[in-house]
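Working notes, structure below.
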Amino acid sequence: MEREAALQSYRERVSEKIAEFRSNMEKHLMEHAGYLEDLVKAGMDRLGEQMEKQGKEYVCFLYICILKTDLIHRKYRIFLHGLDMRWYLDEEPVETYVDAEELFEPFDRLRSALEEADSGYGGAVSRYDIQDLLFDELPLMDSMICQILRYRLRDWEEKGIFDKVARSPYWLLRWGEYRDRSEFLVQTDRVEKPASAWREELKKAAHNPENMVFGYWYRGKCQGKDPKDLDLRFITFEESAIQDIKFENCNMEGSRFPKSRISGCSFEGCNLSGADFRDCSFENTSLAGAKLLSAIIPAESIP
C-alpha cells in the first residue's frame, strides 16, 4: 500500500476515536476543574521556592504549558516558567514542573488507541504520523483548559494562589504552547493611569478590535466616551470610578469590577456572562437586556 493511501485510510480508521476523545476530554476537564486549580497553586508554590533559591527579586511574566518533548516520552506534567521585566532576555528565568498524569488520562487512552490501530499498514504509518495526530489535539486541549482556569483563578488573591511568587505591580499569566501560541489567564496592572487614558485606549480599539481584551484599570476614572460593540472580554476595573458610560452591545464576558463605583452607566445589550460585580456599588445603572449567565451580582450591591 502506498504511503499516501495508507495515511488516508488510517486517518479515516481513527477519526471516530479522535471525535470520542474530544468529547471525553471536555467532560474530563470540567470534572477536574478543581484539580487544575490545585496544579496551578502547587506549581506556583514550587516556582516561589525556586525564586528564593536563585535569589530572584520578582517576575512579570508567568507561563504554564505542556511541552511536546514531554509528550513524546509519555511524560504527563506541566511546565511553569517565570521571567522578569526583560521577558525572554531574562538570563536567569525560574522554571519548575508539576506532575499532571490524572489530567492526561483521556489523552493517554487516545495515544494507545492510535498505536493499536496502525497494524496492517506494513510500516506505512509511522510513530511520527501518530505524534502529528496527537499534537493536533493540543490547541483544543489548551483552549479548554484556558476557559476553565480563567474563572477558577479570578479569586486568586482570596485563594492565595500566587502568594509565594514575588510579582511586580504589572504581571501576567498565560497558558499555551511554549513561546508560540498562548492565551491570557490572569493579568494585573496595579499602576494608576491618567484620566485621559480611557479615551486614548478607546481610540486605539477603533483600529485594533482586541486592544482592550484583558485590559486593567486600577484606581482609574473612566468617564464619558461610550464604547459600542467593542470586545471587552475579561476587562478589570479595580477600585475605579466608572461614570456616565454607555457600554452598548459590548462583549464583557468575564469582566470584573472589584471595589469599583458604577454610576450613571448602561450595560444594555452587553454580554456579561460570568461577570463579577462583587464588592462594587451601583447608582443609576441599567443592566436591561444584558446576558447575565453565571454573573455574580450580590444583593447588597444593588440599590
Counting only heavy atoms not in [X], do more than 12 fall under 6.0 Å of its [atom1]?
| X | atom1 | answer |
| --- | --- | --- |
| Glu91 | CD | no |
| Glu192 | CD | yes |
| Lys246 | NZ | no |
| Gln50 | CD | yes |
| Lys228 | NZ | no |
| Glu92 | CD | no |
| Glu16 | CD | no |

Where the side chain of [X] meets the backbone of [Y], is there a donor-acceptor pair that is under 3.5 Å apart?
| X | Y | value |
| --- | --- | --- |
| Asp90 | Asp84 | yes |
| Ser240 | Gly220 | yes |
| Ser15 | Glu12 | yes |

Are [X] and [Y] close enough that some pair of their side-chain heavy atoms sits under 4.5 Å apart?
| X | Y | value |
| --- | --- | --- |
| Asp155 | Asp276 | yes |
| Arg77 | Phe104 | no |
| Ile66 | Trp175 | yes |

**Request:** Using the rule that two of Ile, Leu, Val, Met, Phe, Trp, Tyr join whenever any of their side-chain heavy atoms come within less than 4.5 Å, decide whether Ile296 and Phe282 are in one cluster.
**Result:**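 No: no chain of side-chain contacts under 4.5 Å links Ile296 to Phe282.
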**Item:** Cluster check Leu232, Tyr218: I/L/V/M/F/W/Y, side chain < 4.5 angstrom
**Value:**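 Different clusters: Leu232 never reaches Tyr218 through Ile, Leu, Val, Met, Phe, Trp or Tyr contacts under 4.5 Å.
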**Message:** Would Arg174 and Ser182 count as a side chain to side chain donor-acceptor pair (under 3.5 Å) here? Give the steps.
**Reply:** CA-CA 6 Å; Arg174 300 178 73 108; Ser182 62; 2.8 Å; yes
**Pi-cation contact, Phe162 with Arg167 (under 6.0 Å, within 45°)** =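 Arg167 over Phe162 ring: no.
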**Prompt:** Is the NZ or CZ atom of Lys193 both under 6.0 Å from the centre of the six-membered ring of Trp217 and within 45° of that ring's axis?
**Reply:**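 That pair qualifies as a cation-pi contact.
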**Message:** Please list all pairs meeting side chain to side chain donor-acceptor pair (under 3.5 Å) that have one or both residues in residues 258-271, counting only residues at least two apart or in different chains.
**Reply:**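 Found Asn251-Asn271, Glu268-Ser286, Asn271-Ser273.
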[Y]/[X] salt bridge by N-O under 4.0 Å criterion:
| X | Y | answer |
| --- | --- | --- |
| Arg190 | Glu238 | yes |
| Arg150 | Glu183 | yes |
| Glu253 | Arg233 | no |
| Lys203 | Glu200 | no |
| Glu115 | Arg111 | yes |

**Request:** Compute whether any side-chain donor of one residue and acceptor of the other, for Glu102 and His32, lie under 3.5 angstrom apart.
**Result:**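 A pair is found: one side chain offers a donor N or O, the other an acceptor, under 3.5 Å apart.
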**Message:** Exactly one of Ile78, Asp38, Leu47, Leu103 should register a side chain to side chain contact (heavy atoms under 4.5 Å, CB included) with Val98. Which one does?
**Reply:**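 It is Ile78, the one option of Ile78, Asp38, Leu47, Leu103 that forms the side chain to side chain contact (heavy atoms under 4.5 Å, CB included) with Val98.
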**Request:** Might you work through the side chain to side chain donor-acceptor pair (under 3.5 Å) test for Tyr10 and Asp129, ending with a clear yes or no?
**Result:** CA-CA 10 Å; Tyr10 176 74; Asp129 299 317; over 6 Å; no
